[in-house]
Amino acid sequence: MSHEKFKFTKSHEWIETEGDVLRVGISEHAQRVLGDIVFVELPEVGTELKKDDELLVVESPKAAAEVYMPVDGEIIEINDALDGTPDLINSSPYEDGWIVKVKVSNAADLDALMSHDDYQKMVEEGD
Amino acid sequence: MSELSTESQRTSLYDQHAALGARFVDFFGWEMPLLYEGQLKEHEAVRHDAGIFDVSHMGQARIVGKDALAFVNWLVPGNFSAVTVGGAKYTMLCNADGGVIDDLIITRVGESEFFAVINASRIDVDIAWMQKQAEAFDGEAEVSNESDSWSMIAVQGPKSIQRLIDIGILPGDYAGFRPFSLQAYQQEEKTYLVSKTGYTGEIGCEILCPNADAEYWWKQLIENKFTPCGLAARDSLRLEAGYCLYGQDLNEDTTPVEAGLSWTVGWKKEGDFLGKETLVRQKKDSVEKQLVGFVSESKRPIRPHDKILFNDREVGIVTSGGYSPELKCGIALGYVFARPESETSEGWSIKGKGSANPAKLSKPPFVSTSLGAK
C-alpha cells in the first residue's frame, strides 16, 4: 500500500499493517532531518518490547536518533540490508529502508496511532 | 535543528544558498548553510573534484604600525621575522598561561602591516584581546576590525586550482605558488584576494572580496560546476584531515603543545611572547594531556565527550568525534590524560552511549589527500 495509508507516531515512526504483523520504519521527514544515515544497530529477532520502549538508534555523522516501538510486540524480522547500506533509510524510507517487522501483542495499540494526514499536519506545524 | 534567533546574521550569499535549497543552521549567531544536496555527497565532491564554501562569517583584522612586526611576534607564538610580504603562518592567540584564545592565519601584507583571519565564534573576543595587547605594547601597533568588510569563499578539491585557472580566476602558474601565500588580482575591475589556504586537507584556496562582489564570484563558481558545500561537510572534511576546531579541540585551557601544535611555535624566536614560559616548560618537561587521533573499528560515528579507554580504563575524552566518509568508520580527536606506559596503537576503545568500540590510535590525517602525503 502507499505510505499515505500507513499509520504514524508522534516520534516519526511509520507502521504498515499486514494482518497482525507490522512493518516499521521512520518517515521521510525524519530521515531528512537526520541527514545521511551511516549506522544502524538492529535489535535481535525474538526481542519482546513494550510500546514506547527504545527499539534502536539510527545514526548520521551529525546526530543519533532513537526509534521507538509503536506497540507492544515481538521482533520477528529485521532488515539485514541496513547493515551494509544504512542509507536505504534515506533513499527509500517507506520501502527498502524498512527497519523491523513486529508481531503485535495488543492490537488496540494500533488505534492510538496517527493517520498520514494527521502526521503531515503535525510536521507542518513544527515539532 | 536549533532555534534561529531573530538577531541571526546572514552573509551576503544567503539568497544564493536559499536558491540552491540549502538547509540552514545557527552557527554562533550566523544563519549558515548546513548542507545542500547532502553531507556525504558534498564531502565526496571536495575529496574527488571541487567544492565551494561560504565562509564569510569568519572575521578579519588588520594590524598596522611601525612596530607591527615586533607586536605580532609578541602577540603569537609563531615567528614572523622571516615571513616576507605575501606570506602567512597558521598560529594562535595565546593568553599569558599559553592557553589558546583562537587559532588563526596571519598574513604579512606589508613591511609593517599584517592581516589576520579569525574564527567567526571568536571575533569579539579576538578583537578585544588584540586591541588590549596593542595598547599595552611598548611600540606602535594598531588593530582594526575589518570583519564586516569582507566576504570569503573557500574553493577546495583536487580539481579546484586547475578549474580556477581554466576560468581565469587564477593565473596559469598558481599551482606552483607557495602554500599560505596571498595575492591580489582584478577581474572586470573587481579586486579580490586569493589565499593559498584551506581547512579540508585538499589543494585549493580562499577568495576574499568586498561584500558587494560576493554574489558575482559565487555565481561564477556555481556556473562552472563547483559543488556548494555546507558546514556539515566542512566539519567531516577537516576532521578527516586532522585539523583542530576551536571550541572543541582548542580552548583557553589548552596550549598549542598539548594540542599537538608545537610545530607552529617559533621556539628559536628572539624575545618574549605571550605564553612563552608555559610553552617552553611543557616542551621541556611534559604535558598533562595530549591530543591524539583515533580510527574506530565500527561504522558508528564517534561523538564529542565519548570516553577514551585504554585496556578498559578511562584515560581520556573525545573532543571532536565524527564519521569518515572515506574510511567508512568513526574517527576522532581527543585528549588523553594519563599516558599508558606503552605507546602501542592497540588496546584502545571508545565508549559512547552503549558498549565500547575498539579503536586504533592513529596520527592524523586519517586519509590521504591532494595536499598532504599519508
Side-chain angles (χ1 to χ4, degrees), chain A residues 10-12 26-44 47 49 52-69 75 78-93 96-97 99-100 120 122-127, chain B residues 1-4 21-27 32-45 229-240 248 296-306 320-332 350 352-357 366:
Chain A
K10 286 197 173 69
S11 45
H12 310 284
I26 64 170
S27 69
E28 157 74 41
H29 168 79
Q31 69 78 21
R32 196 166 5 96
V33 169
L34 257 178
D36 296 310
I37 293 170
V38 297
F39 182 79
V40 170
E41 192 165 40
L42 295 165
E44 284 187 10
T47 312
L49 293 166
D52 298 330
D53 277 351
E54 187 186 292
L55 183 52
L56 76 158
V57 178
V58 295
E59 306 209 33
S60 72
K62 285 271 145 205
E66 284 98 359
V67 179
Y68 297 100
M69 266 297 260
I75 314 288
I78 57 178
N79 186 358
D80 286 316
L82 295 180
D83 268 338
T85 17
D87 53 286
L88 283 171
I89 297 178
N90 297 116
S91 57
S92 180
D96 299 335
I99 303 178
V100 293
Q120 283 294 103
M122 183 194 88
V123 165
E124 271 149 39
E125 273 153 31
D127 288 339
Chain B
M1 208 174 91
S2 47
E3 291 278 323
L4 294 173
R23 188 140 75 81
F24 290 92
V25 71
D26 171 72
F27 184 82
M32 297 301 289
L34 177 71
L35 52 88
Y36 304 80
E37 268 199 90
Q39 177 177 3
L40 296 187
K41 279 209 179 79
E42 293 162 28
H43 183 112
E44 194 186 1
C229 302
L231 292 184
R234 187 166 168 80
D235 192 44
S236 48
L237 286 160
R238 72 92 190 168
L239 185 58
E240 268 187 351
Q248 289 190 342
S296 171
E297 287 179 16
S298 162
K299 279 211 271 181
R300 167 179 266 150
I302 300 176
R303 309 283 175 196
H305 312 301
D306 280 0
S320 283
Y323 175 79
S324 164
E326 292 283 299
L327 301 176
K328 295 197 181 3
C329 63
I331 52 174
I350 299 193
K353 224 180 122 175
S355 54
N357 284 311
F366 298 110

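In this text, all values refer to a predicted model and were calculated from it rather than measured experimentally. To find a chain, count down the sequence lines: A is the first, B the second, and so on, and within it residues start at 1.
- Heavy atoms of B:Ser298 lying under 4.5 Å from chain A belong exclusively to its side chain.
- For A:Ala64, the parts lying under 4.5 angstrom from a heavy atom of chain B are both the backbone and the side chain.
- Counting non-hydrogen atoms of neighbouring residues, nucleotides and ligands closer than 6.0 angstrom, the CD atom of B:Glu37 reaches no more than 12 such neighbours.
- Contact check for A:Asp87 versus B:Leu40: no side-chain heavy atoms found under the 4.5 Å cut-off.
- Checked by atom type and distance alone, the side chain of B:Lys299 pairs as donor or acceptor with a backbone atom of A:Asp83 at under 3.5 Å.
- Here the shortest heavy-atom pairing between B:Gly38 and A:Asp36 reads C-OD2, 3.9 Å.
- Distance check: A:Glu66 CD to B:Lys353 NZ gives 3.5 Å after rounding to the nearest 0.5 Å.
- Taking both residues in full, the closest heavy atoms of B:Pro301 and A:Glu59 are given as CD-OE1, 3.8 Å, listed atom of the first, atom of the second, then distance.
- No donor-acceptor pair closer than 3.5 Å links the side chain of B:Arg300 to the backbone N or O of A:Glu41.
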